[in-house]
Amino acid sequence: VQLQASGGGLVQAGGSLRLSCTASGRTFLRYTLGWFRQTPGKEREFVAGISRNGGAIDYANFVKGRFTISRDNAKNTVHLQMNSLKPEDTAVYYCAAELTNQATLESVDYWGQGTLVTVSS
C-alpha cells in the first residue's frame, strides 16, 4: 500500500484545512486508517483514526471537537477536516494504515510522506 497525502499549507489561527490521503492498491478495505503528526524534537503522535468500515472513530483529546476524520472506500481516500486551528497544531501530518486497530507508532504498517500544516497566530 502506498499513501499519498495532500492538503497542507499555511492558515491563520481559527481557520480550517482539509487533508486528504489517497492509497494505492486493492486492499484498502483491510486497513484501519489514521493521521499522526510530528513537530521537530518531538515524537510522532496520534491525531485521529477510523476503522475499516468507518464505524469506529477515535481522536486525540487535543483535537476533539475541532477535527473530523472520514474515509471514502470507493475512492481509497481518507480525509482529515481541521477546524478552529491553533498555532500549536503546526506540524507535519502523516496518514497511516494498519491491519490492527492499535493506533501506535509500532502498529502502523504504512506511512504517507507527510504534509506540512502551519498555523500562524
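- Formation of a donor-acceptor pair under 3.5 Å by the Q38 side chain with backbone atoms of A91 is not found in this model.
- Closest approach of S121 and A13 over heavy atoms only: CA-CB, 4.3 Å.
- Put simply, the side chain of S51 reaches to within 4.5 Å of the side chain of N53, judged on heavy atoms.
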Query raised in the report: Going through the checks in order, is the side chain to side chain contact (heavy atoms under 4.5 Å, CB included) test met by F46 and L105?
Result: CA-CA 8 Å; F46 171 78; L105 297 181; over 6 Å; no

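- I69 approaches Y59 most closely through the heavy-atom pair N-OH, 3.0 Å.
- Aromatic pair F36/Y94: centroids not less than 6.0 angstrom apart.
- Atom CG of N76 and atom OG1 of T22 lie 8.0 Å apart (nearest 0.5 Å).
- There is no side-chain donor-acceptor pair under 3.5 Å between S70 and H79.
- Every residue meeting the side chain to side chain donor-acceptor pair (under 3.5 Å) condition with N83, not counting sequence neighbours, appears here in chain and number order: S16, Q81.
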Query raised in the report: Stepwise, does the side chain to side chain contact (heavy atoms under 4.5 Å, CB included) test hold for T115 with L19?
Result: CA-CA 8 Å; T115 184; L19 305 183; 4.0 Å; yes

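- Of the possible donor and acceptor atoms, one in the side chain of D109 sits under 3.5 Å from a partner among the backbone N and O of L99.
- Contact detail for S20 and T77: the closest heavy-atom pair is CB-CG2, 4.5 Å.
- Annotation: side chain to side chain donor-acceptor pair (under 3.5 Å) contacts of T104 (sequence neighbours excluded): S107.
- The backbone N or O of T100 lies less than 3.5 Å from a partner atom in the side chain of T32, making a donor-acceptor pair.
- F67 is not connected to L116 by any chain of hydrophobic side-chain contacts under 4.5 Å among Ile, Leu, Val, Met, Phe, Trp and Tyr, and they are in different clusters.
- Residue Y93 comes nearest to M82 through the heavy atom pair CE2-SD, 4.0 Å, listed as atom of the first residue, atom of the second, then distance.
- Side-chain N or O atoms of R44 include none that pairs as donor or acceptor with a backbone N or O of R37 at under 3.5 Å.
- V47 and W111 fall into different hydrophobic clusters, defined by Ile, Leu, Val, Met, Phe, Trp and Tyr side-chain heavy atoms under 4.5 Å apart, directly or through other members.
- Within the 4.5 Å cutoff, the side chain of F28 has no heavy atoms near those of the V1 side chain.
- The line from CZ of R66 to OG of S84 is 7.0 Å long, rounded to the nearest 0.5 Å.
- Side-chain atoms of T118 never come within 3.5 Å of backbone atoms of L10 as a donor-acceptor pair (strictly under, hydrogens ignored).
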Query raised in the report: Can you check side chain to side chain contact (heavy atoms under 4.5 Å, CB included) on W35 and C21, steps first, answer last?
Result: CA-CA 9 Å; W35 291 92; C21 180; 3.7 Å; yes

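- A single hydrophobic cluster is not seen to contain both V92 and L85; linkage of ILVMFWY side chains at heavy-atom distances under 4.5 Å, directly or through other members, places them apart.
- For Q113, the CD atom sits in a packed shell: over 12 heavy atoms of surrounding residues, nucleotides or ligands are nearer than 6.0 Å.
- Contact check for R71 versus I50: side-chain heavy atoms found under the 4.5 Å cut-off.
- Considering every non-hydrogen atom in both A97 and L33, the closest pair reads CB-CD2, 3.8 Å.
- Of all heavy-atom pairs spanning V119 and T90, the tightest one is N-OG1, 2.9 Å.
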